[in-house]
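Below: the structure, in structure tokens.
What's counted below: heavy atoms across the whole structure, side chains too, no hydrogens, waters or symmetry copies.
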Amino acid sequence: MTMTKLEIVAPEEIVPYTVLEDKEAQIIRNAMLVYPYIKSGVMSYRKAADMLGHHKIDLITLYGKLGLLYFDETEEEFEEGLAI
């Protein structure tokens, strides 16, 4: 995977939290950068995982550990889907 430097405009107070040496923290940061695009339907979990150099299931698992569930249906919506 080719990496590139990205420049963004953000409040100065955020900067110390974005410069990360820890590999796991970098993975989480990068996963969180693409998450809004997944949730809005612009990007699939598979595409995001490929871009990040991970397997889809590993990305889904990471989001789950962060409290971002793969299935965001209510129990009622889930039951309705099973009835169809």
Side-chain angles (χ1 to χ4, degrees):
M1 167 176 45
T2 303
M3 300 296 272
T4 188
K5 220 175 215 192
L6 174 68
E7 186 174 325
I8 61 171
V9 177
E12 189 173 330
E13 293 82 4
I14 293 175
V15 173
Y17 302 101
T18 61
V19 181
L20 306 167
E21 298 297 326
D22 177 15
K23 184 73 170 166
E24 183 68 21
Q26 291 174 5
I27 291 168
I28 292 169
R29 180 202 53 215
N30 293 344
M32 294 308 296
L33 285 172
V34 298
Y35 187 75
Y37 301 105
I38 294 169
K39 292 313 287 180
S40 67
V42 171
M43 180 184 303
S44 69
Y45 280 92
R46 163 110 27 238
K47 176 67 175 174
D50 288 346
M51 286 175 29
L52 296 171
H54 300 290
H55 294 284
K56 178 182 173 183
I57 191 65
D58 295 333
L59 184 60
I60 291 168
T61 300
L62 172 64
Y63 286 138
K65 288 178 182 175
L66 297 172
L68 304 169
L69 303 179
Y70 182 69
F71 295 107
D72 58 0
E73 298 176 321
T74 65
E75 187 174 338
E76 184 177 286
E77 291 170 331
F78 180 74
E79 292 294 331
E80 287 175 12
L82 291 177
I84 295 176

Going by heavy atoms in the side chains, are [X] and [Y] under 4.5 Å from each other?
X     : Y     : answer
Leu62 : Glu24 : yes
Leu66 : Met32 : yes
Leu52 : Ile27 : no

- Would the number of heavy atoms belonging to other residues, nucleotides or ligands and lying under 6.0 Å from CZ of Arg46 be above 12? no

- Item | ILVMFWY network linking Phe71 to Ile60, side-chain heavy atoms under 4.5 angstrom | yes

- Item | Hphob cluster co-occupancy, Leu69 + Met43, side-chain heavy atoms under 4.5 angstrom |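 Leu69 and Met43: separate clusters.
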
Closest heavy-atom contact between [X] and [Y]?
X     : Y     : result
Met51 : Val34 : CE-CG1, 4.1 Å
Leu59 : Ala31 : CD1-CB, 3.9 Å
Ile38 : Ser44 : CG1-O, 4.1 Å

- Approximate separation, where rounding is to 0.5 Å, of Gln26 CD and Thr18 OG1: 11.0 Å

- Item | Spacing of Asp58 atom CG and Thr61 atom OG1 [to the nearest 0.5 Å] | 6.0 Å

- Note on the structure: For Lys39, the salt bridge (charged side-chain N to carboxylate O under 4.0 Å, His left out) test, sequence neighbours excluded, returns Asp72

- If a pair satisfies ring-ring contact (aromatic ring centres under 6.0 Å, His included) and one of its residues is in residues 3-50, list it, with sequence neighbours excluded.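 Matches after skipping sequence neighbours: Tyr35-Tyr63, Tyr45-Tyr70.
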
